[in-house]
> 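Let me begin by handing over the structure; questions about it come next.
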Number of protein chains: 2
Amino acid sequence: MKIELGWLLMATSTVENYLKAVLRQEEATGSTTVGEVAKELAVTPGTVTTMMKHLDEEKLVDYQPRKSLSLTLEGRSAALKVVRRHRLIELFLVQIMGLDWSEVHEEAEILEHVISDRLLDRIDVMLGEPTHDPHGDPIPDRDGNLAQVEATPLDEAEGGNYRIVRVSDDDSDLLGWLDENGLTIGEEFALAHPNRAAGVLEISRSTGAKVQLGVQAAGQVFVEAISA
Amino acid sequence: MKIELGWLLMATSTVENYLKAVLRQEEATGSTTVGEVAKELAVTPGTVTTMMKHLDEEKLVDYQPRKSLSLTLEGRSAALKVVRRHRLIELFLVQIMGLDWSEVHEEAEILEHVISDRLLDRIDVMLGEPTHDPHGDPIPDRDGNLAQVEATPLDEAEGGNYRIVRVSDDDSDLLGWLDENGLTIGEEFALAHPNRAAGVLEISRSTGAKVQLGVQAAGQVFVEAISA
DNA sequence: AACAATATCTTGATCAGTCAAGATAAAATG
DNA sequence: CATTTTATCTTGACTGATCAAGATATTGTT
Ligand SMILES: [Mn+2]
Ligand SMILES: [Mn+2]
Ligand SMILES: [Mn+2]
Ligand SMILES: [Mn+2]
């Protein structure tokens, strides 16, 4: 007769990663599947099946085998807490510790599971309760409210003037390259009429500098149109 | 036929804790035993036996069942790296993050296993390559050299004038109490002739304040004699 | 030495997380 | 609709870490 305190209080870091994966896909595409989660976490589908049965018992996901898979409110809230941690940690590492925006994701991927609430709070305060991480992703607030970022992937944009509002944070090489070319959050540029056939986009900075990038890379850069 | 790269490179956090425990006891008493390690890590002796056989294979400890147990050079070096991490992290949490010296040990106990070398380096530089942690413990340098702290446990001191050079860092309550009474590293005081029978020591600060503390607590405070 | 007490070891089990590979259901295709 | 393809599930096995409890060696005592 073992006392089962705190299973729902004490999500293991593995569990947190599964919840995050489901959340990310729900946010990105409105829903998810066992297969997608397996791909994202680089495990076999069977492993995900097993885990989802567990999480369903813990009421963190709603899982109907072969039918549907989604976060419960509780699961979503747990996932958002981890995302909050992740993004605050990333910003902390860039802003306070002076790490590069291209090298903080991996570190945050681990620290998000182990930092104490107390330390996270210090970080939050130290950063002035920020709303966005170094890559332009919104930071969920303490109550788990997540702001929407509506932005167009650059590879789908027409010719015109744009500002960078978000960049996918998991491709370290791309982030490094963007940084070298001065293409960081908030930067503005003009996009030439896209020449789709070639699969290359050309960008002009106000400095006169021109930069080419492939559609592949462009798909990870999110922009909003500006007037100027 | 699985390729066994990196077992010695990649000590799991459990392994790191075993190595640290052995090191701590070797430093404290010159040697250690399966039983002592078991006590320190709050596991059963059998578990330690099993682990030591593994560590012996990995050449991290020298283990002769029922005979002797000690760190190899490699094991010692690995343990010292973890200790270095632990202490740098503690100091970072106090100095940069503004946490209390009574609440950093637990946090460091976890972070020591997950912080990247890159981040640790930033911390080290940010702190000015410090030599001692918030509790007066010496921080091993990059090459694994550990300075000796020779200091007397307060409960063994005669009457006279002393300076606090080190405090045991794992008793949060004691640390809190010491802090409230202004008894931090570097502070000086006069110890009245100890009245051993009562098990209570009396300390006088230069401010005139007097403080009593039990031998139990005094045993965790380490001092050096001063002239004044 | 003989016996008791203590320390340590061994064995068999459990738990979380995972994979491989075969079984099955659902979807897509002709 | 019958068949192929794809997605998902199930089962059996493995790893690292652990405990319980019985077996054994060592040490201390008379
Ligand atoms: Mn990230
Ligand atoms: Mn990010
Ligand atoms: Mn400590
Ligand atoms: Mn310390």
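All chains are named by letter (A, B, ...) in the order of the sequence lines, taking the proteins before the strands, and each is independently numbered beginning at 1.
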> Would you say dA25(D) has OP1 or OP2 under 4.0 Å from some side-chain N or O of Lys67(B)?
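No, because none of the side-chain N or O atoms of Lys67(B) sits under 4.0 Å from OP1 or OP2 of dA25(D).
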> Do the side-chain N or O atoms of Thr47(A) get closer than 4.0 angstrom to the phosphate oxygens (OP1, OP2) of dG17(C)?
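Checking Thr47(A) against dG17(C): no side-chain N or O falls below 4.0 Å of OP1 or OP2.
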> Is a salt bridge present between Glu109(B) and Lys20(B), judged by a nitrogen-to-oxygen distance below 4.0 Å?
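Yes, Glu109(B) and Lys20(B) are salt-bridged.
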> Find the distance Met52(A):CE to dC9(D):C1' and express it as a whole number of Å.
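So the CE-C1' distance, Met52(A) to dC9(D), works out to 14 Å.
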> Under 4.0 Å between a side-chain nitrogen and a carboxylate oxygen: does that hold for Lys67(B) and Asp62(B)?
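Salt bridge absent between Lys67(B) and Asp62(B).
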> Round to the nearest Å and state the distance from Glu58(A) atom CD to dC15(C) atom C1'.
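Nearest whole value for this atom pair: 14 Å.
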> Residues in salt bridge (Lys or Arg N to Asp or Glu O under 4.0 Å) with Glu40(B), at least two apart?
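Partners of Glu40(B) under the salt bridge (Lys or Arg N to Asp or Glu O under 4.0 Å) test: Arg24(B).
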> Has Tyr18(B) got a side-chain N or O lying under 4.0 Å from the OP1 or OP2 atom of dT18(D)?
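Affirmative; the distance criterion is met.
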> Phosphate oxygens OP1/OP2 of dG17(C): is one of them under 4.0 Å from a side-chain N or O of Thr50(A)?
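False: Thr50(A) side-chain N/O out of range (4.0 Å or more) of dG17(C) OP1/OP2.
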> Whole-Å distance between dA17(D) P and His113(B) NE2?
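Distance, rounded to whole Å: 12 Å.
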> Can a salt bridge be assigned to the pair Asp117(A) and Arg85(A) using a cut-off of 4.0 Å between side-chain N and carboxylate O?
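Answer for the salt bridge query: yes.
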> Just the rounded figure in Å: distance from P of dT6(D) to NZ of Lys39(A).
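Between P of dT6(D) and NZ of Lys39(A): 12 Å.
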> What is the separation between atom CD on Gln64(A) and atom C1' on dA25(C), rounded to the nearest whole Å?
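Taking atom C1' of dA25(C) as the reference, CD of Gln64(A) is at 16 Å.
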> When you measure from the side-chain N and O atoms of Lys53(A) to the phosphate of dT10(D), is any distance below 4.0 Å, counting only OP1 and OP2?
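Yes, such a contact exists.
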> What's the CD-P distance between Glu16(B) and dA17(D), to the nearest Å?
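It is 11 Å, rounded to the nearest whole Å.
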> Please report the distance, rounded to the nearest Å, between CD in Glu57(B) and P in dT15(D).
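One finds 14 Å between P of dT15(D) and CD of Glu57(B), rounded.
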> Salt-bridged, Arg84(B) to Asp124(B), with N to O below 4.0 Å?
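Yes, this pair counts.
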> Who pairs with Asp155(B) by salt bridge (Lys or Arg N to Asp or Glu O under 4.0 Å), at least two apart in sequence or on another chain?
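Salt bridge (Lys or Arg N to Asp or Glu O under 4.0 Å) check on Asp155(B) returns nothing, list empty.
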> Nucleotides 4-8 of chain C: which of its N/O atoms have a protein N/O under 3.5 Å away?
from: dT8(C); atom 1: OP2; to: Gly35(B); atom 2: N; distance (Å): 3.0
from: dT8(C); atom 1: O2; to: Arg66(B); atom 2: NH2; distance (Å): 2.5

> What I want to find out is whether Glu36(A) reaches Lys39(A) closely enough, with some N-O distance under 4.0 Å, to be called a salt bridge.
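Salt bridge flag = yes for Lys39(A) with Glu36(A).
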> Provide, to the nearest angstrom, the distance between the CE atom belonging to Met51(B) and the C1' atom belonging to dC19(D).
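For the pair Met51(B) CE and dC19(D) C1', the rounded distance is 14 Å.
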